[in-house]
Amino acid sequence: MIKIIKNVEIFSPQPLSRKDILIANDKILAIEENIVLNSRHVQIIDGSSKIAVPGFIDSHVHIIGGGGEGGFKTRTPELIFSDLVKGGITTVVGCLGTDGVTRNLNSLYAKAKALDEEGVTCYIYSGSYRVPIITFTGSLLQDLILIDKVIGAGEIAISDHRSSQPTLEELKRIAADARVGGILSGKAGIVNLHLGDGDDKLNMIYEIVNKTEIPITQFLPTHINRNKELLNEGLNYARMGGFIDFTTSTGSLLEEDLQAWKSLKLYVENGFENHITFSSDGQGSLPRFNEKKEFIGLDVGKVTSVYEQFKIAVENGITLEKALKAVTQNPARILKLTNKGIIAKGKDADIILLDKDLKITDVIAQGRILMSNYEIIVKGTFE
Ligand code: FWO
Ligand code: ZN
């Protein structure tokens, strides 16, 4: 099927002014003024009152559910497809969390395939919170080289009372295997690290970077906006060239001024707009513990929070281009998803249309229309 989005203002994230976007099957074929194709096989989408931006990338989603920190009844539900469409998310990376025992990689893989079949692009991390890392093949290296959907390891917990208290040697080996597995498979081999509230913060990463040849860009530490001290330490980490991921799901856990949009504003003001990504922690638990580390309640992450925090960021003075980078171009570059994250010739046709109030009006994933004029037209299997 051929589609032309006519006369739309494009932020690729870089502004490209008003043009036509020609889509053939799942790819962007051309971005030019006044593309004319006289054929009944061409579907025209009127972009004249809209803005086109790349589909959003959410690099940290518990697609089969997670949680359990308050006992079995607090296991969180799996992701439903239409939540992705509502939030304009066209690329997802699925992960396991605290519970890597009753949640396993085979079901993570199957759900990733299900999301592909329903219409988005889904990758996964091998592993869970714990070290030694759980893998498909018994080796992280082999997982990266043999299993196409595996793009790295995560979410591996450090500085958290729920972590496996990994040794520096164990973490070094995981980073080394992720790096070499990535090199041999042409993937990022990213190590997605879960940061807890522990005082050690990012020190284990600093030690690995200072004591080995592994570059700081091998890591993507997440939840950096979970407390003020970690948010400020992240500025030093970014100064060293490191990437930083902010969690957009808030619930009652994240204080008002730690929200992802405010954290982005702080880092943009420090010149780090190319180091930042947003991720939702969707369907993950956002558990609350008291000072004695006793469980006192939990919320569930929402994938739609990526879009919500993006929109609030723009409404609060961050330029559309810089806010877009955090949810499109930066994660695509960091995760080495070479066909994703920008509106450009030859890239996947993952495009969101926004109205002048930044509401999502249309979502196109791999050239297929999932939402048209504010209406979801492709639902999940059982929705
Ligand atoms: C964060 C996922 C946390 C699960 O620290 O790590 O618990 O396995 O579902 N969530 N443990 C939430 C904070 C960043 C707010 C997870 C969760
Ligand atoms: Zn986490």
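Numbering of ligands and ligand atoms starts at 1, following listing order. Numbering starts at 1 and runs along the sequence shown.
There is no path of hydrophobic side-chain contacts, each under 4.5 Å, that joins Phe243 to Val268. Tracing side-chain contacts under 4.5 Å through hydrophobic residues (I, L, V, M, F, W, Y), one never reaches Ile151 starting from Leu108; they form parts of separate clusters.
For Leu286, the closest heavy-atom approach to ligand 1 falls below 4.0 Å. Contact between Gly196 and ligand 1 is absent, with no heavy atom of the residue lying under 4.0 Å from the ligand.
No other N/O/S atom of His194 lies as close to the Zn ion (ligand 2) as ND1 does. Checked against the Zn ion (ligand 2), the N, O or S atom of Glu155 at the shortest distance is OE1.
For ligand 1, the atoms sitting less than 4.0 Å from at least one non-hydrogen atom of Glu155 are 2 (C), 6 (O), 16 (C), numbered in the order shown with element in parentheses. Taking every non-hydrogen atom of Asp281 and a distance limit under 4.0 Å, the qualifying atoms of ligand 1 come out as 1 (C), 2 (C), 10 (N), 12 (C), 16 (C). Annotation for ligand 1: atoms under 4.0 Å from non-hydrogen atoms of Gly284 are 9 (O). Ligand-side atoms of ligand 1 in range of Gly66: 9 (O), range being under 4.0 angstrom from any heavy atom. Close contacts between ligand 1 and Gly97 involve ligand atoms 8 (O) [criterion: under 4.0 Å to a heavy atom].
No hydrogens or angles considered: nothing links the side chains of Thr135 and Ser126 as a donor-acceptor pair under 3.5 Å. Side-chain contact annotation: Glu69 with Ser285, donor-acceptor N/O pair under 3.5 Å present. Judged by distance alone, the side chains of Lys340 and Thr121 do bring a donor and an acceptor atom under 3.5 Å apart. Ser48 and Asn7 are not linked by any side-chain donor-acceptor pair at a separation below 3.5 angstrom, with hydrogens and angles left out of the test. Defined by atom type and a distance below 3.5 Å, a donor-acceptor pair is present between the side-chain atoms of Gln309 and Gln259. No side-chain donor from either of Ser17 and Glu9 sits under 3.5 Å from a side-chain acceptor of the other. A donor-acceptor contact under 3.5 angstrom links the side chains of Thr102 and Arg75, judged on distance only. In summary, the side chains of His62 and Asp281 do present a donor paired with an acceptor at a separation below 3.5 Å, with no hydrogens or angles considered.
In summary, no N, O or S atom of His60 is located under 2.8 Å from the Zn ion (ligand 2).
By the criterion of a heavy-atom distance under 4.0 Å, neither the backbone nor the side chain of Leu96 is placed next to ligand 1. Under 4.0 Å from ligand 1, not a single heavy atom of Gln283 appears.
Close N/O approach between Glu69 and ligand 1 is found [any backbone or side-chain N/O within under 3.5 Å]. Inclusion of Asp99 in the set of residues having an N or O under 3.5 Å from an N or O of ligand 1 is not warranted. Note: no N/O pair closer than 3.5 Å links Thr76 and ligand 1 by distance alone. Checking only distances, Thr247 never comes within under 3.5 Å of ligand 1, N or O to N or O.
Put simply, the side chain of His275 gets close to the backbone of Gly242: a donor and an acceptor are under 3.5 Å apart.
Nearest-heavy-atom check against atom 9 (O) of ligand 1 across Ser128, Gly282, Gly67 picks out Gly67.
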